Amino acid sequence: MKKLYPDAQAALDGLLFDGMMICAGGFGLCGIPERLIDAIQAAGTKDLTIASNNAGIDNEGLGKLLRSKQVKKMISSYVGENKEFERQFLSGELEVEFCPQGTLAERCRAGGAGIPGFYTKTGVGTQIAEGKEVKQFDGEEYILERGIVADIAIVKGWKADEAGNLIFRKTARNFNLPMATAGKVCIAEVEEVVPTGTLDPDQIHLPSIYVNRMIVGAPYDKKIEFRTVREREAA
C-alpha cells in the first residue's frame with residue numbers, strides 16, 4: 001500500500017471533520033508536525049479536541065489553531081509559554097483538561113495498546129483526582145486514568161523508509177511515539193524518506209504497521225520556544 005502523499009493537504013484528505021479528536025506529537029516546538037498543523041488550519045476544521053504535551057507558543061505550532069479558534073478542548077500537561085492559551089482558558093473560551101506529563105504519555109500508550117484504563121498514584125489528593133475512581137493497592141490509593149484513542153494522530157519523524165518505518169530524532173521521540181499509536185489513523189511528516197530495507201531494524205522506533213500516511217515536510221526552520229540572552233560585559 002502506497003503511504004507517501006505529495007503534501008499535507010492530500011495526506012489529510014477525507015480524515016478531517018468538525019468535533020474530532022487529534023493526538024499531536026512534539027515537545028514544546030521540538031518535533032511538532034508543522035506542515036500537518038498548517039493544513040488543518042487551512043482546512044478550517046473546528047471544535048477540535050487535541051491531546052498534546054502543550055499547545056505550542058503564540059501563533060507557532062498548535063498555537064496557530066488556538067489563534068484561529070479551531071480548538072474546543074486541550075488535554076495537556078504544560079501551557080506555560082502560550083499567552084493565547086492562557087487568555088482563552090481564563091475567559092472560558094477553551095476547555096482544558098490538565099494531565100500530568102507522564103500520565104498523558106501513558107494514557108496515549110495505553111490507548112494504542114488497547115488498554116482502556118490504568119491506575120496511578122500521580123495526582124492522588126489533588127484536583128487531578130476529582131471525579132475519578134480511587135482504588136487501594138497494598139494500602140496505597142491510586143486513581144483510574146482512561147486510555148486515549150483519537151480519530152487521527154499527527155506526528156513528526158526524522159527519517160522513514162517507504163514502508164512507513166520511522167526513526168525519531170532525540171527529544172522528538174518522547175511524545176511522538178505514544179501519540180502515533182493512539183490514533184485510529186496516523187499521519188507522519190518526516191524530513192527524509194529512504195528506500196525500504198535501508199534502515200537498521202534495531203534503530204526503528206515506530207514500526208510501519210502504525211503509520212497509515214506520510215509526507216516529506218522538509219526543509220524546516222528551527223523555531224526557538226524561549227530565547228534567553230545575557231547582557232554584554234563591559235570591555
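Numbering of residues begins at 1 and proceeds along the displayed sequence. Please read all numbers here as calculations on a predicted model, not as lab measurements.
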Subject >> Check: Pro207 main-chain N/O paired with Asn165 side-chain donor or acceptor under 3.5 Å >> reply: no
Original post:
Are Ile209 and Leu199 connected in the hydrophobic side-chain network, where two residues link if heavy atoms are under 4.5 Å apart?
Top reply: no
Original post:
Roughly how far apart are Leu66 CG and Glu93 CD, rounded to 0.5 Å?
Top reply: 10.5 Å
Subject >> Shortest non-hydrogen separation from Leu94 to Val71 and the atoms involved >> reply: CD1-O, 3.6 Å
Subject >> Which atom of Leu36 lies closest to which atom of Ala8, heavy atoms considered >> reply: CD2-CB, 3.9 Å
Subject >> 4.5 Å side-chain heavy-atom contact, Ile57 and Phe85 >> reply: no
Original post:
For residues 193-208, which residue pairs qualify under salt bridge (Lys or Arg N to Asp or Glu O under 4.0 Å), counting only residues two or more places apart or in two chains?
Top reply: none
**OP:** Start with the C-alpha distance between Glu95 and Lys72, add both sets of side-chain angles, then the distance that settles salt bridge (charged side-chain N to carboxylate O under 4.0 Å, His left out), and finish with yes or no.
**Re:** CA-CA 6 Å; Glu95 185 180 350; Lys72 177 183 178 181; 5.6 Å; no
Original post:
With hydrophobic residues grouped by side-chain heavy-atom distances under 4.5 Å, do Ile154 and Phe17 end up in a single group?
Top reply: yes
Original post:
Hey, does the side chain of Asn176 reach the backbone of Ala172 with a donor-acceptor pair shorter than 3.5 angstrom?
Top reply: yes
**OP:** Please state whether the rings of Phe27 and Phe175 are parallel, tilted or perpendicular, taking 30° and 60° as the class boundaries.
**Re:** parallel
Subject >> Heavy-atom check, side chain of Leu29 versus side chain of Glu60, under 4.5 Å >> reply: yes
**OP:** Could you please spell out the steps behind the side-chain contact (heavy atoms from CB on, under 4.5 Å) verdict for Arg213 and Lys3?
**Re:** CA-CA 5 Å; Arg213 303 182 181 186; Lys3 296 186 177 182; 5.8 Å; no
Original post:
Distance-only, no hydrogens or angles: does the Gln136 side chain make a donor-acceptor pair with backbone N or O of Glu141 under 3.5 Å?
Top reply: no
Subject >> Verdict with reasoning, Leu206 to Thr181, per side-chain contact (heavy atoms from CB on, under 4.5 Å) >> reply: CA-CA 9 Å; Leu206 182 70; Thr181 67; 4.0 Å; yes
Original post:
Are Trp158 and Val211 connected in a single hydrophobic cluster, I mean Ile/Leu/Val/Met/Phe/Trp/Tyr linked by side-chain heavy atoms less than 4.5 Å apart?
Top reply: no
Subject >> Atom pair CZ/SG of Arg173 and Cys30 - distance to nearest 0.5 Å >> reply: 13.5 Å
**OP:** Quick one: closest heavy-atom pair of Ala105 and Pro178, and the distance?
**Re:** O-CB, 3.7 Å
Original post:
Asp151 side chain to Met20 main-chain N or O, any donor-acceptor pair under 3.5 Å?
Top reply: no
**OP:** Give a yes or no on whether Phe118 and Phe137 share a hydrophobic cluster (residues Ile, Leu, Val, Met, Phe, Trp, Tyr; joining criterion: side-chain heavy atoms under 4.5 Å apart).
**Re:** no
**OP:** Give a yes or no on this: more than 12 heavy atoms of other residues, nucleotides or ligands lie within 6.0 Å of atom OH of Tyr210.
**Re:** no
**OP:** For the pair Ser76 (side chain) and Ser52 (backbone), establish whether a donor and an acceptor sit closer than 3.5 Å, ignoring hydrogens and angles.
**Re:** yes
**OP:** Might you point out which heavy atoms bring Ala39 and Leu12 nearest each other, and give the distance in Å?
**Re:** CB-CD1, 3.7 Å
Subject >> salt bridge (Lys or Arg N to Asp or Glu O under 4.0 Å): pairs with one or both residues in residues 25-49, sequence neighbours excluded >> reply: Asp18-Lys46, Glu34-Lys223, Asp38-Lys64
Subject >> Gap between atom CD1 of Ile115 and atom CZ of Arg146 - 0.5 Å precision >> reply: 12.5 Å
Original post:
For the residue pair Phe168 and His205, what are the closest heavy atoms and their distance?
Top reply: N-ND1, 2.9 Å
Subject >> side chain to side chain contact (heavy atoms under 4.5 Å, CB included), paired with Thr122, selected from Ile143, Ile128, Thr103 >> reply: Thr103
Subject >> ILVMFWY cluster, Ile215 and Ile167 together (side-chain gap under 4.5 Å) >> reply: no
**OP:** For salt bridge (charged side-chain N to carboxylate O under 4.0 Å, His left out), just list the numbers for Glu162 and Lys2, CA-CA rounded to whole Å, side-chain angles, deciding distance to a tenth of an Å, and then say yes or no.
**Re:** CA-CA 8 Å; Glu162 294 166 337; Lys2 182 175 174 58; over 6 Å; no
**OP:** Please test Glu140 against Lys121 for side-chain contact (heavy atoms from CB on, under 4.5 Å), starting from the C-alpha separation and ending with a verdict.
**Re:** CA-CA 8 Å; Glu140 300 283 347; Lys121 282 182 64 69; 3.0 Å; yes
**OP:** Run the numbers on Ile204 and Leu166 for side-chain contact (heavy atoms from CB on, under 4.5 Å), then give the verdict.
**Re:** CA-CA 6 Å; Ile204 291 171; Leu166 259 61; 6.0 Å; no
Subject >> Under 3.5 Å: donor-acceptor pair, side chain of Thr198, backbone of Val194 >> reply: no
**OP:** Decide whether Asn53 and Ser77 meet the rule of one side-chain donor and one side-chain acceptor closer than 3.5 Å.
**Re:** yes
Subject >> From CZ (Arg67) to CG (Leu62), nearest 0.5 Å >> reply: 14.0 Å
Subject >> Any donor-acceptor pair under 3.5 Å from Arg107 side chain to Ile148 backbone >> reply: no
Original post:
When the ring planes of Phe98 and Phe89 are compared, do they come out parallel, tilted or perpendicular, using 30° and 60° as the limits?
Top reply: perpendicular
Original post:
Is there a donor-acceptor pair closer than 3.5 Å between any side-chain N or O of Thr196 and the backbone N or O of Ala163?
Top reply: yes
Original post:
What's the shortest heavy-atom distance between Cys186 and Ala180, and which atoms?
Top reply: CB-O, 3.7 Å
Original post:
So how far is it from Lys184 NZ to Met21 CE, rounded to the nearest 0.5 Å?
Top reply: 10.0 Å
Original post:
Just wondering, do Ile187 and Leu15 contact through their side chains at under 4.5 Å, heavy atoms?
Top reply: yes
Original post:
How many angstroms lie between CG in Leu65 and CG in Leu48, if you round to the nearest 0.5 Å?
Top reply: 6.5 Å
Original post:
Lys83: what forms a side chain to side chain donor-acceptor pair (under 3.5 Å) with it, not counting sequence neighbours?
Top reply: none
Subject >> Test: Lys132 cationic atom under 6.0 Å from Tyr119 six-membered ring centre, within 45° of axis >> reply: no
**OP:** Determine, for Arg169 against Glu191, whether the closest basic-nitrogen to carboxylate-oxygen distance falls under 4.0 angstrom.
**Re:** no
**OP:** Indicate yes or no: at least one non-hydrogen side-chain atom of Tyr5 is less than 4.5 angstrom from one of Met214.
**Re:** no
